[in-house]
J.: 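My questions will all concern the structure given below.
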Amino acid sequence: QKEVEQNSGPLSVPEGAIASLNCTYSDRGSQSFFWYRQYSGKSPELIMSIYSNGDKEDGRFTAQLNKASQYVSLLIRDSQPSDSATYLCAVISLQGAQKLVFGQGTRLTINP
Amino acid sequence: GAGVSQSPRYKVAKRGQDVALRCDPISGHVSLFWYQQALGQGPEFLTYFQNEAQLDKSGLPSDRFFAERPEGSVSTLKIQRTQQEDSAVYLCASSPRSGWKETQYFGPGTRLLVL
């Protein structure tokens with residue numbers, strides 16, 4: 001079992017709809033959770049970070065964390081074509097010396 | 001301000017050659033990380049520095065991989081006797097302080113192709 005798992009997609013969503021991206025992790029010691037966006041041929045760019053259970057909203061983005069279920073998600077409201085990218089879920093474990101452990105990424109396409 | 005920079009951006013090497021990849025972190029950033037990203041996969045951790053100290057090198061795939069950060073700023077990742085399976089994008093990231101809440105800022109990466 002991979003430490004961080006994501007559905008690799010592709011996930012196709014019409015413009016203006018809500019895109020929902022999901023991630024599960026296996027290490028119960030995980031403390032920090034991050035969503036990065038990566039355009040093709042570019043480096044990862046931080047979208048959201050979340051550290052405690054519940055929801056965290058930033059503009060059109062909402063991150064949700066459920067430590068009991070070892071589940072973290074990212075919702076993108078009013079999806080735009082510019083949101084088309086690969087979304088990487090990453091976690092940091094207290095035992096991990098601050099290294100990010102990434103999932104394989106979900107490729108999201110927003111259709112105009 | 002300037003972000004993380006990496007050079008070269010692209011490197012083609014013949015199998016068996018040695019390569020050196022450079023990372024210039026954001027000025028003043030204490031923590032520096034190297035990741036390897038294969039095509040279609042998420043980045044995988046290679047090694048971590050806090051200032052000049054290499055605190056974790058558990059992700060280095062073999063003893064052909066070596067990293068250093070002698071003065072606590074610029075870092076070099078060296079791969080000896082390159083193999084085809086070393087072909088990947090090598091990403092460097094830095095963060096202002098050590099700590100599990102710190103954001104890691106990524107450089108543009110070096111795309112290595114071993115023929």
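Quick note on labels: first sequence line is chain A, next is B, and so on, each numbered from 1. All figures in this text were calculated on a predicted structure; none of them were measured in a lab.
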J.: Flag the one option from B/Gly99, B/Ala38, B/Ser58 with the top tally of heavy-atom pairs under 4.5 Å to chain A.
T.: B/Gly99
J.: Decide side chain to side chain contact (heavy atoms under 4.5 Å, CB included) for B/Phe106 and A/Lys42; before the verdict, give the C-alpha distance in whole Å, the side-chain angles of both, and the deciding distance to 0.1 Å.
T.: CA-CA 10 Å; B/Phe106 283 82; A/Lys42 302 295 184 182; over 6 Å; no
J.: Would you say B/Phe66 and B/Leu60 are hydrophobically clustered, going by side-chain heavy atoms of ILVMFWY under 4.5 Å?
T.: no
J.: Rounded to the nearest 0.5 Å, what separates atom CD1 in A/Ile92 from atom NZ in B/Lys101?
T.: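 Separation between the atoms: 11.5 Å.
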J.: Answer yes or no: does atom CD of B/Glu85 have more than 12 heavy-atom neighbours from other residues, nucleotides or ligands under 6.0 Å?
T.: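 Enclosed.
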J.: Which bit of B/Ser98 comes within less than 4.5 Å of chain A, counting heavy atoms only: side chain, backbone, both or neither?
T.: both
J.: Begin from the C-alpha positions of A/Gln98 and B/Ser31 and carry the test side chain to side chain contact (heavy atoms under 4.5 Å, CB included) through to its verdict.
T.: CA-CA 9 Å; A/Gln98 302 161 70; B/Ser31 297; 4.3 Å; yes
J.: What residue in A/Pro44, A/Gly41, A/Gly105 has the most heavy-atom pairs under 4.5 Å with chain B?
T.: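 Among A/Pro44, A/Gly41, A/Gly105, the one with the most close pairs to chain B is A/Pro44.
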J.: Under the side-chain contact (heavy atoms from CB on, under 4.5 Å) test against B/Pro43, which residue among A/Leu88, A/Val101, A/Leu100 passes?
T.: A/Leu88
J.: State plainly whether one hydrophobic cluster holds both A/Leu75 and A/Ile47, where clusters connect Ile, Leu, Val, Met, Phe, Trp and Tyr through side-chain heavy atoms under 4.5 angstrom apart.
T.: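 The answer is no; the residues belong to distinct hydrophobic clusters.
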J.: Looking at B/Gly107, is its backbone amide N or carbonyl O close enough to the side chain of A/Ser43 to form a donor-acceptor pair, meaning the two atoms are under 3.5 Å apart?
T.: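 Answer holds: yes.
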J.: Among B/Gln37, B/Gln50, B/Arg111, B/Glu44, which has the most heavy-atom pairs under 4.5 Å with chain A?
T.: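 So the answer, after comparing B/Gln37, B/Gln50, B/Arg111, B/Glu44, is B/Gln37.
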J.: Is it true that atom CD1 of A/Ile18 has more than 12 heavy atoms of other residues, nucleotides or ligands lying nearer than 6.0 Å?
T.: no
J.: Could you grab the distance from atom CG of B/Leu91 to atom CZ of A/Phe102, nearest 0.5 Å is fine?
T.: 8.0 Å
J.: Same cluster or not: B/Leu46 versus A/Val4, using hydrophobic residues (I, L, V, M, F, W, Y) connected whenever any side-chain heavy atoms lie under 4.5 Å apart?
T.: no
J.: Using non-hydrogen atoms and a 4.5 Å limit, figure out which bit of B/Tyr35 sits close to chain A: side chain, backbone, both or neither.
T.: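 Contact with chain A is through the side chain of B/Tyr35 alone.
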J.: Under 4.5 Å between side-chain heavy atoms, hopping through other hydrophobics if needed: is there a path connecting A/Leu21 to A/Phe33?
T.: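 In one cluster: yes.
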J.: How about NZ on B/Lys57, more than 12 heavy atoms from neighbouring residues, nucleotides or ligands closer than 6.0 Å, or not?
T.: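 Open: at most 12 neighbouring heavy atoms sit under 6.0 Å from NZ of B/Lys57.
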J.: Near A/Arg60 CZ, under 6.0 Å, is it more than 12 heavy atoms from other residues, nucleotides or ligands?
T.: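 It does: A/Arg60 CZ has more than 12 such atoms within range.
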J.: Given 3.5 Å as the limit, does a donor-acceptor pair link the side chain of B/Tyr48 with the main chain of A/Lys99, or not?
T.: no
J.: Should we count CG of B/Leu115 as having more than 12 external heavy atoms under 6.0 Å?
T.: yes
J.: Between A/Gln6 and chain B, which part of the residue has a heavy atom less than 4.5 Å away: side chain, backbone, both or neither?
T.: neither
